[in-house]
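The shown structure was predicted, so the numbers you read here are calculated from the model rather than taken from an experiment. Just so it is clear: chains get the letters A, B, ... in the order the sequence lines come, proteins before strands, and each one is counted from 1.
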Amino acid sequence: MSILILSDHENGQLSPVTLNTITAATEIGGDIDLLVAGDASGNVVKAAASIANVSKVLAANDKIFENGLAENLTPLLLSLSAKYSHIMASATTTGKNVMPRVAAELDVMQISDIIKVIDANTFQRPIYAGNALSTVSSSEAVKIITVRGTAFEAATAKGGNAAVQSLQSTGDAGLSTYLKSELSSSERPELTSAPIVISGGRGMQDGANFNMLEKIADKLGAAVGASRAAVDAGFVSNEYQVGQTGKVVAPDLYMAVGISGAIQHLAGMKDSKIIVAINKDGEAPIFQVADYGLVADLFDAVPQLEKELG
Amino acid sequence: MKVLVPVKRVIDYNVKVRVKADQSGVELANVKMAMNPFDEIAVEQALRMREAGNADEVLVVSIGPAQNQETIRTALAMGADRGIHIEAPHEIEPLAVAKLLKAVVNEENPGLVLLGKQAIDDDCNQTGQMLASMLGWAQGTFVSALEIANDKAKVTREVDGGLEHIEITMPAIVTVDLRLNEPRYASLPNIMKAKKKPLDSKTAGDLSVDIEPRLTIVKVEEPESRAAGIKVADVQELVNKLRNEAKVI
Ligand SMILES: Cc1cc2nc3c(=O)[nH]c(=O)nc-3n(C[C@H](O)[C@H](O)[C@H](O)COP(=O)(O)OP(=O)(O)OC[C@H]3O[C@@H](n4cnc5c(N)ncnc54)[C@H](O)[C@@H]3O)c2cc1C
């Protein structure tokens with residue numbers, strides 16, 4: 001067996017989630033090659049080559065790959081596909097964008113967002129916002145898979161010494177052009193890999209009140225998240241959304257503040273180790289998944305919590 | 001320009017799904033079904049384009065059992081012009097759906113296909129991207145703003161780090177995210193009118209598409225439920241528990 005992983009990177013840094021996907025690949029077994037497309041900095045290639053368990057790093061350093069346009073990445077992945085039994089990517093917005101295109105070209109059914117490797121052909125994945133878990137097996141010649149990062153430990157980033165091979169560019173498909181990004185420039189840890197997450201919901205009432213959560217986040221080294229209702233209301237921007245259709249997080253500690261606990265929100269956080277809920281409605285469904293529930297007005301409880309943390 | 005909107009019939013998002021005792025899937029009998037919420041947003045977008053004079057026909061297609069015609073009627077009641085129902089089993093996979101949609105695109109020649117970014121039942125997030133590559137078209141996925149001028153579309157995508165703006169060549173595939181718009185409700189007169197709008201029926205065989213599933217479902221099970229927690233009396237107790245019992249801060 002041999003596995004190709006499309007790595008995620010931004011701003012010249014290998015994204016941590018790629019390490020989780022490598023662990024999923026290790027559980028399948030076989031040689032693991034890492035594809036790094038569009039890394040002008042060279043840092044990503046270097047980081048990729050030093051990961052334990054990586055056999056080879058394939059570097060396609062052309063500007064057209066820099067922004068992960070699916071139309072350009074697909075031919076590159078297809079040019080490599082014949083050598084692999086599995087082609088994998090993290091279930092990030094990049095992986096989700098590109099992999100189905102590759103699967104369709106190869107006429108295979110993709111397996112999205114796996115959370116468990118049963119064997120090389122059999123995987124478990126959540127359906128219905130995680131309210132059911134489906135185990136599926138594939139007899140396709142090549143398995144196209146996206147991986148839910150939070151379901152696998154991160155592989156060791158050091159200790160490897162993989163060979164780096166440069167690839168020919170497959171060229172610009174001429175269908176799409178990257179214009180610009182509006183990315184948040186937070187000093188806080190990234191939401192999906194932060195050890196602690198504190199999220200606010202509609203109960204926060206407005207965006208300015210998120211300051212209260214940010215202060216606590218800074219004391220705990222936490223990331224800040226939000227429910228869909230908070231994002232829709234414009235309190236915070238879309239990259240904060242946790243849930244079925246936002247980000248999936250599984251930190252050591254998740255604090256839900258002014259969030260009712262709709263199944264679509266639970267889908268994104270119920271695998272957290274410890275869940276805390278602060279809500280003034282003692283009947284709110286969030287308390288059914290909370291290890292520690294505090295029935296209180298958040299405008300009293302959150303400032304107190306900040307003080308208590310010292 | 002004609003806009004094609006595929007719509008899926010799924011368990012209503014408010015329903016708590018139950019896994020069947022024989023672990024073959026989830027219980028669908030006597031469960032409230034509805035249009036996939038993302039597809040409603042896609043229908044709404046198509047209607048707004050037509051109302052702004054940027055589209056002249058909104059065609060909806062649904063693939064699944066006979067009851068999917070109700071989902072098409074819902075879209076027609078929202079204001080879509082015409083429907084196509086393709087008879088297929090409920091559990092049809094995205095790869096087969098994309099192949100059927102490709103056949104419809106080849107017959108109908110739309111300038112744009114608007115789809116939901118994912119269906120809330122299988123949570124696959126594949127169909128739009130697969131259709132785009134089968135057609136050799138550009139794609140704008142997870143879109144929260146869309147602007148079409150001549151043969152290009154500017155799309156704003158919701159990505160993990162924030163927002164991304166790209167330009168894609170038309171005809172194109174656009175998959176919509178939650179914040180693109182808020183779908184309208186169908187009014188009673190429009191629900192009545194929708195009953196008279198044209199709705200064609202076809203089978204996968206008519207379109208010469210193989211829809212045999214590629215994946216085998218080994219089993220479907222309930223996730224482990226979390227052990228019940230406790231209520232704390234105040235913030236002090238909460239911090240004490242987090243420090244000394246859970247040891248997470
Ligand atoms: C297709 C689809 C996809 C979706 N995807 C997601 C998703 O990815 N993520 C997501 O989060 N949602 C998602 N949703 C929305 C979801 O169904 C809920 O509507 C949403 O999660 C509700 O957000 P909320 O809990 O912040 O708001 P509400 O449900 O309005 O809850 C607010 C809570 O705040 C409490 N509160 C109010 N004031 C105070 C106070 N002063 N002190 C303490 N508590 C207070 C209230 O008691 C209440 O429990 C999706 C819905 C659909 C249809």
Distance check, rounded to the nearest 0.5 Å: [X] atom [atom1] versus [Y] atom [atom2]?
{"X": "A:T177", "Y": "B:E167", "atom1": "OG1", "atom2": "CD", "result": "5.5 Å"}
{"X": "A:T74", "Y": "B:Q129", "atom1": "OG1", "atom2": "CD", "result": "10.0 Å"}
{"X": "B:E224", "Y": "A:D271", "atom1": "CD", "atom2": "CG", "result": "9.5 Å"}
{"X": "B:S133", "Y": "A:L175", "atom1": "OG", "atom2": "CG", "result": "11.0 Å"}
{"X": "B:I249", "Y": "A:I274", "atom1": "CD1", "atom2": "CD1", "result": "11.0 Å"}

Under a 4.5 Å cut-off applied to non-hydrogen side-chain atoms, are [X] and [Y] in contact?
{"X": "B:E245", "Y": "A:Y292", "value": "yes"}
{"X": "B:I217", "Y": "A:T135", "value": "no"}
{"X": "A:E71", "Y": "B:W137", "value": "no"}
{"X": "B:I166", "Y": "A:L69", "value": "yes"}
{"X": "B:N125", "Y": "A:S112", "value": "no"}
{"X": "A:Y128", "Y": "B:D122", "value": "no"}
{"X": "A:Q124", "Y": "B:E221", "value": "yes"}

Where [X] and [Y] come nearest, the two heavy atoms and their spacing:
{"X": "A:V289", "Y": "B:R226", "result": "O-NE, 3.2 Å"}
{"X": "A:S134", "Y": "B:V220", "result": "OG-CG2, 4.0 Å"}
{"X": "A:R101", "Y": "B:G136", "result": "NH2-C, 4.5 Å"}
{"X": "A:L133", "Y": "B:P223", "result": "CD1-CA, 3.8 Å"}

Given that the side chain runs from C-beta out, which part of [X] has a heavy atom under 4.5 Å from chain B: side chain, backbone, both or neither?
{"X": "A:R125", "answer": "side chain"}
{"X": "A:S186", "answer": "neither"}
{"X": "A:I263", "answer": "side chain"}
{"X": "A:E10", "answer": "neither"}
{"X": "A:E308", "answer": "both"}
{"X": "A:N131", "answer": "both"}
{"X": "A:E190", "answer": "neither"}
{"X": "A:L183", "answer": "both"}
{"X": "A:Y240", "answer": "neither"}

Heavy-atom donor-acceptor pair, [X] side chain to [Y] backbone, under 3.5 Å:
{"X": "A:T93", "Y": "B:V159", "value": "no"}
{"X": "B:Q139", "Y": "A:A70", "value": "no"}
{"X": "B:R214", "Y": "A:M109", "value": "no"}
{"X": "B:D123", "Y": "A:I127", "value": "no"}
{"X": "B:D160", "Y": "A:T92", "value": "no"}
{"X": "B:Q126", "Y": "A:Q110", "value": "yes"}

If contact means a heavy atom pair closer than 4.5 Å, which residues of [range] contact chain B?
{"range": "residues 247-256 of chain A", "answer": "A:K247, A:D252, A:L253"}
{"range": "residues 230-237 of chain A", "answer": "A:V231, A:D232"}
{"range": "residues 297-307 of chain A", "answer": "A:A301, A:Q304, A:L305"}

Looking at [options], which one has more heavy-atom pairs under 4.5 Å with chain A than the rest?
{"options": "B:I168, B:I120, B:L131, B:V19", "value": "B:I120"}
{"options": "B:D234, B:I11, B:V218, B:L163", "value": "B:L163"}
{"options": "B:V155, B:D121, B:L95", "value": "B:D121"}
{"options": "B:A138, B:G229, B:G128", "value": "B:A138"}
{"options": "B:G162, B:G140, B:A233", "value": "B:G162"}
{"options": "B:V248, B:V239, B:I230", "value": "B:I230"}

Point to revise | Residue pair A:Q244 / B:Q118, side-chain donor-acceptor N/O under 3.5 Å | key: no
With a 4.5 Å cut-off on heavy-atom pairs, point out which of [options] contacts chain B the most.
{"options": "A:V102, A:L220, A:T192, A:V108", "answer": "A:V108"}
{"options": "A:A262, A:A129, A:A132", "answer": "A:A132"}
{"options": "A:A91, A:S137, A:A290", "answer": "A:S137"}
{"options": "A:K219, A:K96, A:K273", "answer": "A:K96"}
{"options": "A:T245, A:I196, A:N67", "answer": "A:T245"}
{"options": "A:L191, A:I275, A:I278", "answer": "A:I275"}

Please classify the contact between [X] and chain A as side chain, backbone, both or neither, with a heavy-atom cut-off of under 4.5 Å.
{"X": "B:V232", "value": "both"}
{"X": "B:A98", "value": "neither"}
{"X": "B:F38", "value": "side chain"}
{"X": "B:K117", "value": "side chain"}
{"X": "B:R243", "value": "side chain"}
{"X": "B:L238", "value": "side chain"}

Practice item. Using heavy atoms and a sub-4.5 Å threshold, report which of residues 173-183 of chain B line up against chain A, by residue number. Key: B:L178, B:R179
Point to revise | B:K152 atom NZ: more than 12 heavy-atom contacts under 6.0 Å | key: yes
